[in-house]
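Residue numbering restarts at 1 for every chain, and letters A, B, ... go by the order of the sequence lines.
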Number of protein chains: 2
Amino acid sequence: MTSTMLAECADCPIRHRAVCALCEPHELTLLEDIKYYRQFAPGDTIVWAGEKLDFVASVVTGMAALNRTMEDGRRQITGLLLPSDFLGRPGRSSVRYDVSAISDVSLCCFRRKPFEDLVESTPHIGQRLLEMSMDELDAAREWMLVLGRKTARERIASLLAMILQRETQAKPADAGSALRIDLPLSREGIADCLGMTLETVSRQLSHLKRDGVIQLEGRRTVLIPDMDQLLLEAADDADGGVLD
Amino acid sequence: MTSTMLAECADCPIRHRAVCALCEPHELTLLEDIKYYRQFAPGDTIVWAGEKLDFVASVVTGMAALNRTMEDGRRQITGLLLPSDFLGRPGRSSVRYDVSAISDVSLCCFRRKPFEDLVESTPHIGQRLLEMSMDELDAAREWMLVLGRKTARERIASLLAMILQRETQAKPADAGSALRIDLPLSREGIADCLGMTLETVSRQLSHLKRDGVIQLEGRRTVLIPDMDQLLLEAADDADGGVLD
DNA sequence: CGCCCGATTGACAGTTGTCAAGGAGCGTGG
DNA sequence: CCACGCTCCTTGACAACTGTCAATCGGGCG
């Protein structure tokens with residue numbers, strides 16, 4: 001199955017959230033001309049830090065991580081890419097971090113140079129890109145509070161809450177049913193996200209389970225009986241209120 | 001001295017680095033029409049989190065901090081604003097964090113609504129804004145590694161290196177002379193930046209001094225005899241190499 | 001059925017936080 | 001001009017949280 005023969009943009013699951021969200025139909029065709037799809041398996045490295053990157057892309061499905069690694073092996077995940085998130089930076093042909101696929105990832109790639117030209121010539125793309133980077137900047141700053149000031153237990157709760165909120169904003173949850181997270185990350189991945197060790201992650205998950213905040217089903221599924229309590233555990237005052 | 005009667009944009013110290021950097025003279029006049037200056041003293045709060053903000057602004061001189069505070073008082077500085085940095089977000093009239101002046105700050109403010117219109121109508125402003133947010137995003141992600149994975153000693157060294165690099169890129173240093181930092185931050189401010197306590201900050205500064213990595217002159221001045229050693233202490237592999 | 005990888009749990013150590021007691025610089029007022 | 005007091009900083013002793021090392025567990029796959 002060649003991945004290049006794929007649906008029209010009009011049918012795309014991320015059409016209204018990705019970098020193309022504000023595009024008019026005629027702008028969309030311009031993007032369509034320079035796009036192609038690529039797939040990655042869990043663990044694949046999509047780009048290495050410093051390597052030339054001849055495309056930018058939207059994540060269509062799956063999850064990817066941006067990670068910085070120190071020479072002695074310490075690693076920090078500095079961002080998670082979920083469907084509709086944007087990878088790469090117009091005006092710069094390399095990134096400062098590795099990007100790796102966590103689950104099966106499919107990317108909608110745009111050839112770099114033509115895309116950069118479109119950013120210049122098509123206001124709606126640049127505008128959306130600006131919105132998205134500012135959202136990411138807010139999220140990154142939010143995460144700095146988690147990394148700098150929260151306890152291990154609060155970090156775990158914060159991560160679960162964040163994933164849940166990003167997923168339910170993608171596809172609004174079936175209210176009523178207990179909230180469920182299928183973690184794409186291993187314990188080590190969680191640890192690298194939260195600036196802890198995998199052992200601490202495991203212990204805190206066990207504690208949260210013991211205290212009834214979460215339930216564990218297998219190794220990768222977390223059930224949240226009470227979202228409010230999770231947010232309480234996350235010590236999150238920002239209740240995701242709408243800003244304008 | 002009313003601060004509204006101030007120099008022309010052409011004479012502005014941040015003319016070529018701020019949000020107006022890419023503007024042509026005629027675009028500059030559009031900005032000039034909607035700008036005004038404001039001053040803040042150290043400790044002043046420029047905006048409270050969640051409060052309406054009827055302007056966006058460039059920092060002209062001084063330093064400001066973005067900080068998130070938790071209900072129990074834990075605080076994290078999630079960004080430092082230096083001259084030419086941008087404050088606020090077009091398309092959103094409030095911010096999620098307090099912004100406070102660390103030193104004497106002067107802002108070049110633009111009234112929100114007209115500025116947003118200019119972002120739409122004047123490509124060079126939107127483009128520059130995009131560049132700047134992506135730079136900030138990269139910096140924020142860099143900082144996540146500091147907060148998540150570095151030791152107390154490495155964090156101090158990283159902060160000093162960061163301030164030094166941002167200042168020397170503003171005004172290239174007189175090579176030869178020992179590098180000097182006039183810290184605008186108190187020990188507590190440093191701690192809130194680095195996710196530590198002020199006691200740990202003080203101890204690590206003493207240790208770095210004992211080990212000859214830095215010299216302290218008074219409470220706010222740090223001398224760096226050897227920048228390479230500082231970077232070594234920061235465990236920073238990214239040596240600030242130029243990216244394209 | 002057994003191996004292998006990821007996860008859990010335990011024991012212990014180390015870094016950093018907490019609490020507390022000085023110490024130094026600076027401005028104000030006598 | 002000096003003294004006082006205030007704030008910020010430094011340093012010490014101790015505690016707590018998290019990291020390290022190691023053993024065990026358990027599910028999935030050959």
Side-chain angles (χ1 to χ4, degrees), chain A residues 41-43 70 72-76 102-103 145-160 181-211 214-222 233 235, chain B residues 41-43 65 70 72-76 100 102-103 145-160 181-211 214-222 233 235:
Chain A
M70 295 171 65
D72 59 8
R74 280 176 284 175
R75 198 170 76 113
Q76 176 67 45
I102 293 175
S103 54
L145 178 66
V146 173
L147 294 177
R149 291 304 189 187
K150 291 195 179 179
T151 65
R153 183 180 174 105
E154 290 166 343
R155 290 183 201 205
I156 297 282
S158 297
L159 179 67
L160 295 176
I181 301 175
D182 286 300
L183 277 179
L185 290 161
S186 67
R187 298 294 185 264
E188 189 181 10
I190 297 174
D192 288 337
C193 227
L194 297 174
M196 323 191 295
T197 60
L198 67 92
E199 291 94 333
T200 303
V201 169
S202 185
R203 270 187 257 275
Q204 295 300 334
L205 281 171
S206 300
H207 293 168
L208 287 170
K209 175 184 174 187
R210 180 198 60 194
D211 298 342
I214 63 174
Q215 293 162 27
L216 297 175
E217 217 180 80
R219 325 196 121 160
R220 294 292 184 104
T221 302
V222 183
E233 291 288 349
Chain B
M70 295 171 65
D72 60 7
R74 280 176 282 176
R75 197 169 76 115
Q76 176 66 45
S100 60
I102 293 174
S103 53
L145 178 68
V146 173
L147 294 176
R149 290 304 189 188
K150 291 195 180 179
T151 65
R153 184 180 174 105
E154 290 166 343
R155 291 183 199 205
I156 297 284
S158 297
L159 179 67
L160 295 176
I181 302 176
D182 286 301
L183 275 180
L185 290 161
S186 68
R187 297 294 185 266
E188 188 181 9
I190 297 174
D192 288 338
C193 229
L194 296 174
M196 324 193 293
T197 59
L198 66 94
E199 291 94 333
T200 302
V201 170
S202 185
R203 269 187 258 275
Q204 295 300 336
L205 281 171
S206 299
H207 292 168
L208 287 170
K209 175 184 173 187
R210 179 198 61 195
D211 298 342
I214 63 174
Q215 292 161 28
L216 297 174
E217 215 180 79
R219 323 195 125 162
R220 295 293 183 101
T221 302
V222 182
E233 291 287 349

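Counting only heavy atoms from C-beta outward, the side chains of A:I214 and A:L160 approach each other to under 4.5 Å.
Counting any heavy atom pair closer than 4.0 Å across all strands shown, B:R187 reaches sugar-phosphate atoms only and no base atom. Using a 4.0 Å heavy-atom distance criterion, B:G195 is classed as a sugar-phosphate-only contact. At the heavy-atom level, B:T197 lies under 4.0 Å from base atoms of the strands shown. As judged by a 4.0 angstrom heavy-atom cut-off over every strand, B:L205 is placed among residues making no nucleic acid contact.
Comparing B:Q204 and A:G218 by the nucleotide of DNA chain C that holds the closest heavy atom to each, the one mapping nearer the 5' end is A:G218. Of the residues near DNA chain D, A:A152 and B:L216, the one whose nearest nucleotide (by heavy atom distance) lies more toward the 5' end is B:L216. Checking A:R219 against A:R153, the closest nucleotide of DNA chain D that is more toward the 5' end is the one next to A:R153.
At a cut-off of 3.5 angstrom, counting only N and O atoms as typed in the model, there is a donor on one side and an acceptor on the other between the side-chain of A:E199 and the base of D:dC21. Between the side chain of B:R220 and the base of D:dT7 there is no donor-acceptor pair of N/O atoms closer than 3.5 Å.
The residues B:K209 and B:E217 are annotated as not salt-bridged, no charged nitrogen and carboxylate oxygen being separated by less than 4.0 angstrom.
Under a 3.5 Å cut-off, the side chain of A:R149 and the backbone N or O of B:M196 do form a donor-acceptor pair.
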